[in-house]
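Data first, discussion second: the structure below is written as structure tokens.
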Protein chains: 2
Amino acid sequence: MSYEFDHLRTALRKARVRLGLSQRELSEISGVQQAQISKFENGAVDLRLSSLVALFRSLELELELVPRTCLPAVQSIIRTTLPKSTISRKLSARGKIAVDHVMQGLTQLDQTAKQVQYLQELIRFFERIRIPADQTKNYTRWVKYLERLHAMPIDAEKFEALLKRTEALRNQIERSQSPRNQSLSEKPAYSLDEEDGHV
Amino acid sequence: MSYEFDHLRTALRKARVRLGLSQRELSEISGVQQAQISKFENGAVDLRLSSLVALFRSLELELELVPRTCLPAVQSIIRTTLPKSTISRKLSARGKIAVDHVMQGLTQLDQTAKQVQYLQELIRFFERIRIPADQTKNYTRWVKYLERLHAMPIDAEKFEALLKRTEALRNQIERSQSPRNQSLSEKPAYSLDEEDGHV
DNA sequence: GTCATTGATATAGTATTGTATGTCAAAAAA
DNA sequence: TTTTTTGACATACAATACTATATCAATGAC
């Protein structure tokens, strides 16, 4: 039943997953029904151009017409450019919004200012660096955790959990990117016993 | 009523015209109704992906997904590559088919073999060189003339006309491309009085 | 274990495209 | 001038996407 645009179908799924978006979330962003997204990804529907464009635009992708003569050149550009971008602006923006929300909620909390400051410091780390591709999933999970947190009142216990989890993510990301910076950083790569939880 | 894909709409028309195809011809090649093509080019319809792909494939264009980050690079490639392609393979192929048909018809003609041979020689010229962009329209007209010719029996009179017309096209193309080869060719560019009809 | 999330389906009604034809005025070719 | 080609448009019917909503099994979070 699938037509000759399998590459668009699979590209949609890949891009969506890469951004850590569920079909329902993409549906909200793009305005295309979740059922339609599911069908399209499985080649069970022949979407209209407007739906397609809405979907891809939401994923920072543009539908472009390429003369067959320069297809290889274009595909090569896309291939070499894509892997460099570690995490999408979209997801980063989403993360920032979540962080803002949670931080606002924290003002009504009677934690010591020092602990809140430490949390901010941890979070600032995510903004300073680029989240490596293999850590996207973890980062996404953390963002969704923040979004869930925001929906409920934050007490001391939840704050503690948030701090721990954020610390864990920071460490994981640091460990993940250290092999690449090995020659540039004085941090040795053999600190494998750093499981998680401490700086 | 138009959505946010005006560039695709206009690109379709441009590509179609560049190949010298009418809406009806493109309709036959692609399998998409002429009415649909007209509506799409005027932004009055939200085509389905299958129709779009069929149309663009027929025009040697591929619908490609480009990350917004490398859009400028891709567009630059397309812009610099496109003008180089003088005439499409599609139109060339169409020309070859038309030539073959007419040549087959000529075997039943009592022209001197010498005249037929001269015609073949003229035609071989079109296959050897690349038709310059500004001669596409003339070439297209000639192809359509051949296609019309094929539908009717060719007598001596028609053969004469064919020969004249083909000669004229050859001369026009030669004149058109001469400025580019000026330094390479010994033929002077100032032979402006060569109106048409003779070698 | 419990609860929420996720992706795949389903159903029913609506809106639009797609198909098959045909018409028409303007432009181009003969 | 006469004929053909071209693009826009019309109409009726069939096919299918779109909308809104819901269900369900599998997975994952807590």
Side-chain angles (χ1 to χ4, degrees), chain A residues 1-3 5 9-10 12-14 16-17 19-28 30-55 137-138 140-152 157-158 160-162 164-165 168-169, chain B residues 1-3 5 9-10 12-14 16-17 19-28 30-55 137-138 140-149 151-152 157-158 161-162 164-165 168-169:
Chain A
M1 186 141 294
S2 134
Y3 302 82
F5 39 80
R9 298 201 293 108
T10 55
L12 180 74
R13 170 160 281 164
K14 268 191 206 165
R16 181 178 60 78
V17 170
L19 298 200
L21 294 172
S22 69
Q23 291 182 347
R24 254 175 265 262
E25 288 169 329
L26 178 57
S27 167
E28 272 185 38
S30 63
V32 177
Q33 302 273 333
Q34 180 260 326
Q36 294 289 92
I37 298 175
S38 169
K39 280 188 210 156
F40 180 69
E41 287 186 348
N42 289 74
V45 78
D46 187 3
L47 284 187
R48 297 197 187 141
L49 181 54
S50 56
S51 303
L52 258 198
V53 170
L55 282 175
K137 266 228 141 84
N138 286 329
T140 305
R141 233 177 255 169
W142 176 77
V143 169
K144 289 186 179 171
Y145 169 64
L146 285 192
E147 284 168 346
R148 249 179 285 126
L149 253 190
H150 173 243
M152 48 181 105
E157 196 184 349
K158 290 218 178 80
E160 184 107 9
L162 167 59
K164 253 207 165 92
R165 183 152 187 175
L169 177 63
Chain B
M1 187 142 297
S2 132
Y3 303 80
F5 38 78
R9 297 200 294 108
T10 54
L12 180 74
R13 170 161 281 165
K14 268 190 207 164
R16 180 177 62 77
V17 170
L19 298 200
L21 294 172
S22 69
Q23 291 182 346
R24 256 176 261 264
E25 287 169 328
L26 178 56
S27 168
E28 272 185 37
S30 64
V32 177
Q33 301 274 333
Q34 180 261 327
Q36 294 289 88
I37 297 175
S38 170
K39 280 189 210 156
F40 180 69
E41 286 187 348
N42 288 72
V45 78
D46 186 4
L47 283 186
R48 296 196 187 146
L49 181 54
S50 57
S51 303
L52 259 197
V53 170
L55 282 175
K137 266 229 140 82
N138 286 329
T140 307
R141 231 178 257 172
W142 177 76
V143 169
K144 289 185 182 174
Y145 170 64
L146 286 192
E147 285 168 346
R148 251 178 285 126
L149 254 190
M152 46 182 104
E157 196 185 347
K158 291 220 178 77
L162 167 60
K164 252 208 165 92
R165 184 151 187 176
L169 176 63

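Reminder, nothing fancy here: chain letters follow the sequence lines and each chain counts from 1.
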Practice item. Indicate, with a heavy-atom threshold strictly under 4.0 Å, whether Lys144(A) touches base, sugar-phosphate, or nothing. Key: sugar-phosphate
Practice item. Report yes if a side-chain nitrogen or oxygen of Ser51(B) is closer than 4.0 Å to either non-bridging phosphate oxygen (OP1 or OP2) of dG18(C); otherwise report no. Key: yes
Revision key, fill the gap. With sequence neighbours left out, the residues meeting side chain to side chain donor-acceptor pair (under 3.5 Å) with Arg13(A) are Glu41(A)
Review point. Do the non-hydrogen side-chain atoms of Phe5(A) and Leu52(B) ever get within less than 4.5 Å of each other?
Key: no
Check your understanding: Considering heavy-atom distances to DNA chain D, does Gly20(B) or Leu49(A) have its closest nucleotide positioned more toward the 5' end?
Key -> Gly20(B)
Check your understanding: Are any side-chain N or O atoms of Gln36(B) and backbone N or O atoms of Gln33(B), one a donor and one an acceptor, separated by less than 3.5 Å?
Key -> no
Check your understanding: Leu55(B) CG to dT17(C) C1': how many Å, rounded?
Key -> 13 Å
Practice item. Using five base pairs at each end, measure the axis-to-axis angle across the helix from dG1(C)-dC30(D) to dA30(C)-dT1(D) and round it to 10 degrees. Key: 60°
Point to revise | Per-nucleotide protein contact string for nucleotides 22-30 of chain C, where B marks a base within reach and S marks sugar-phosphate only (heavy atoms under 4.0 Å, - for neither) | key: -------SS
Practice item. Indicate whether OP1 or OP2 belonging to dA8(C) is found under 4.0 Å from a side-chain N or O atom of Asn42(A). Key: yes
Check your understanding: Does OP1 or OP2 of dA8(D) have a side-chain N or O of Arg13(B) closer than 4.0 Å?
Key -> yes
Review point. Looking for any heavy atom pair under 4.0 Å, which part of the strands does Leu47(B) touch: base, sugar-phosphate only, or nothing?
Key: sugar-phosphate
Practice item. Look at Arg48(A) and dT16(D) and indicate whether a side-chain polar atom (N or O) is within less than 4.0 Å of OP1 or OP2. Key: no
Exercise for review: Pick out which of Lys39(A), Glu28(A), Gln23(A) makes a side-chain hydrogen bond (donor to acceptor under 3.5 Å, both in side chains) with Gln34(A).
Suggested key: Gln23(A)
Exercise for review: Examine dA20(C): is either OP1 or OP2 under 4.0 Å from a nitrogen or oxygen in the side chain of Gln33(B)? Give yes or no.
Suggested key: yes
Practice item. Answer yes or no: does a side-chain N or O of Gln23(A) lie under 4.0 Å from OP1 or OP2 of dT6(C)? Key: no
Review point. Side-chain N or O of Ser22(A) less than 4.0 angstrom from OP1 or OP2 on dT6(C)?
Key: yes
Point to revise | Inter-residue atom distance Leu21(B).CG - Ser27(B).OG, 0.5 Å rounding | key: 11.5 Å
